[in-house]
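Computed from a predicted model, the values in this text were never measured in an experiment.
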Number of protein chains: 2
Amino acid sequence: MSQFPRGSTGPPDGVVVPDLPELPEATVSRLPEYLRALHQIAQAGQDTVSSEALAAAAGVKSAKVRKDLSQLGSYGTRGVGYEVAVLIEQIEQVLGLTQRRNVALIGVGNLGHALAGYGGFGSRGFRIGALVDADPARVGERLGDLVVTHIDELPATVAAEQIAIGVITTPVVAAQAVADRLVAAGVTSILNFAPCVLSVPDGVDVRNVDLAIELQILSFHEHRRGRGDPDGAAAVRRAAPKVVGP
Amino acid sequence: MSQFPRGSTGPPDGVVVPDLPELPEATVSRLPEYLRALHQIAQAGQDTVSSEALAAAAGVKSAKVRKDLSQLGSYGTRGVGYEVAVLIEQIEQVLGLTQRRNVALIGVGNLGHALAGYGGFGSRGFRIGALVDADPARVGERLGDLVVTHIDELPATVAAEQIAIGVITTPVVAAQAVADRLVAAGVTSILNFAPCVLSVPDGVDVRNVDLAIELQILSFHEHRRGRGDPDGAAAVRRAAPKVVGP
DNA sequence: ACGGGTTTGTGAAGCCGTGCACAAATCGCG
DNA sequence: CGCGATTTGTGCACGGCTTCACAAACCCGT
């Protein structure tokens, strides 16, 4: 909306202001969900979608969808809705998915193997560009069309494969050291599966995925709900069969 | 502490709610992080901890720690700090981790195998009580000391193993059906790894873990940061070597 | 062309969460 | 026994996010 006229004369100095003013973090975290829903809708043959329908598919309220989309200067048509194809392209543009991003998997253990074999990367804008491990016994192992390289070669690997994101799937004890080496190699985005807090310089982005934490949060609500059978009898506390939503 | 929660969305009355008035969701989601940090601290030999130290270990601000802990009627001692052992017990109590919770893994594919082999369950209050799949070829397979059972036996399995939480690691197409069957079997907490939105009845809690979404959020920040080298040269955009403070 | 029905975009209000700053409480030590 | 150092617990203000409600914009049939 407030499309910035690309300064033909150029900004005088230093300040490289991006196109979008500043996208709220909450919105950013929902854009991928919209994107997923939109692909689903597109595959179903719909070529336009209302905020109401999109909201239902993404599991949020319609007002939120509209405000989110308006943030990125959206092209919706009143009385009609949004063009699915246009919206997909818009969101992919904003998320930086127009160019495929290469990720490196550090730690080819149980979880690393599973992620390497997960097919969901390619269809969502990513590609596994490197498998890395510290264990010499694992180096050289082939998975698909990739060969596990040693972590000592990380800088070369990052440069050669243009790695944009590092995914840490090592044991906890190794995670911080791996993060340090990733940062030293120039990686500025890290997805951490190890259950620990990583220290990184300013300007490096870290997101954590901790299975146990998710389970514990679920446990809290379960516990809160389930007062009444102190000695865990298998009391079946059946929820009402009413189905939420669309 | 006598601060009363103004009933907003909650039921007007009737449910005799236990000790805790109403814990903010943001606090709940941080308690597991505190718990992890506390175990770490306890293992280091510390028997008391200040909010400042705990905040550093959990990666948050100290004021937030104090406010969070005060929410659950904490037993801190001014001028000293918190007793680590007491705090651990308090948090485990609130999270309902005093009794070990059994989880069922539905979908013994790549990811399912990885999670089944993940050792982090036992030490964090959970136990895999069942492995379930729909593929007859997989039923009967042994992993560790568990045997994969068929999903048609889900109700019996849930009852026999006192399953509290279902973890969905199936392909997307199967996820909703699995969720329905989990709910029908009496499970009221679901951790969903399939990239889709699940419809469940009121009273059932669902949490989603989507790898691609996390990557896309990282991609956004990477994209936003990385204006200036359009043809992705491996320009090392080194952040200041300053380490983010403890 | 025009009116009715539909849907977007957004101003405004309310809620939640965060962080500061400080009084109250506790310990250690002289 | 009292004083200073330390740390908790919390009132308060601020900012961000969510939701409602509604005017503006648009399509379509007549």
Figure out the CG/P separation between L72(A) and dT8(C), and round it to whole Å.
14 Å

How long is the line joining CG of L54(A) and C1' of dT6(C), in whole Å?
17 Å

So among V167(A), L191(A), I190(A), which one has a side chain to side chain contact (heavy atoms under 4.5 Å, CB included) with L218(B)?
L191(A)

Would you kindly say whether D68(A) and T27(A) are connected by a side-chain donor-acceptor distance under 3.5 Å?
yes

Kindly indicate whether the side chain of K67(A) and the base of dT10(C) share any N or O donor-acceptor pair separated by less than 3.5 Å?
no

Rounded to the nearest Å, what distance is computed from the CD atom of residue E83(B) to the C1' atom of nucleotide dT8(D)?
15 Å

Measure from the side-chain heavy atoms of P24(A) and tell me the nearest of dG9(C), dC17(D), dT18(D).
dC17(D)

Over how many whole Å does the gap from R30(A) atom CZ to dG16(D) atom C1' extend?
11 Å

L23(B) has an atom CG; how far is it from atom P of dG17(C), in whole Å?
10 Å

The side chain of A63(B) is closest to which nucleotide in this list: dC20(C), dC20(D), dT7(C)?
dC20(C)

Got a donor-acceptor contact below 3.5 angstrom from the T169(B) side chain to the G107(B) backbone?
yes

Contact under 4.0 Å: K64(A) side-chain N or O vs dT19(D) OP1/OP2
yes

Can you see if the side chain of R66(A) gets near the phosphate of dT18(D) - specifically, an N or O under 4.0 Å from OP1 or OP2?
no

Can you give me the closest heavy-atom contact between R124(B) and D210(A), atom names plus distance?
NH2-OD2, 3.3 Å

Between S50(A) and A53(A), is there a donor-acceptor pair closer than 3.5 Å when you use the side chain of the first and the backbone of the second?
yes

Tell me the interatomic distance from K61(A), atom NZ, to dT8(C), atom P, rounded to whole angstroms.
17 Å

Check whether any side-chain N or O of S51(A) sits under 4.0 Å from OP1 or OP2 of dT8(C), and answer yes or no.
yes

Closest approach of Q93(B) and T98(B), non-hydrogen atoms and distance?
OE1-CG2, 3.6 Å

Could you tell me whether E52(A) contacts a base, only the sugar-phosphate backbone, or nothing, with contacts defined as non-hydrogen atoms closer than 4.0 Å?
nothing

Got a list of protein N/O to nucleotides 24-27 of chain D N/O distances below 3.5 Å?
unit_1	atom_1	unit_2	atom_2	d
dA24(D)	N3	R78(A)	NH1	2.9
dC26(D)	O4'	R78(A)	O	3.3

Nearest-angstrom distance from the residue atom CG of L69(A) to C1' of dT18(D):
15 Å

Shortest non-hydrogen pair, R101(B) vs S219(A), comes out as NE-OG, 3.1 Å

Interatomic distance where CD belongs to E25(A) and P belongs to dT18(C) [whole Å]:
14 Å

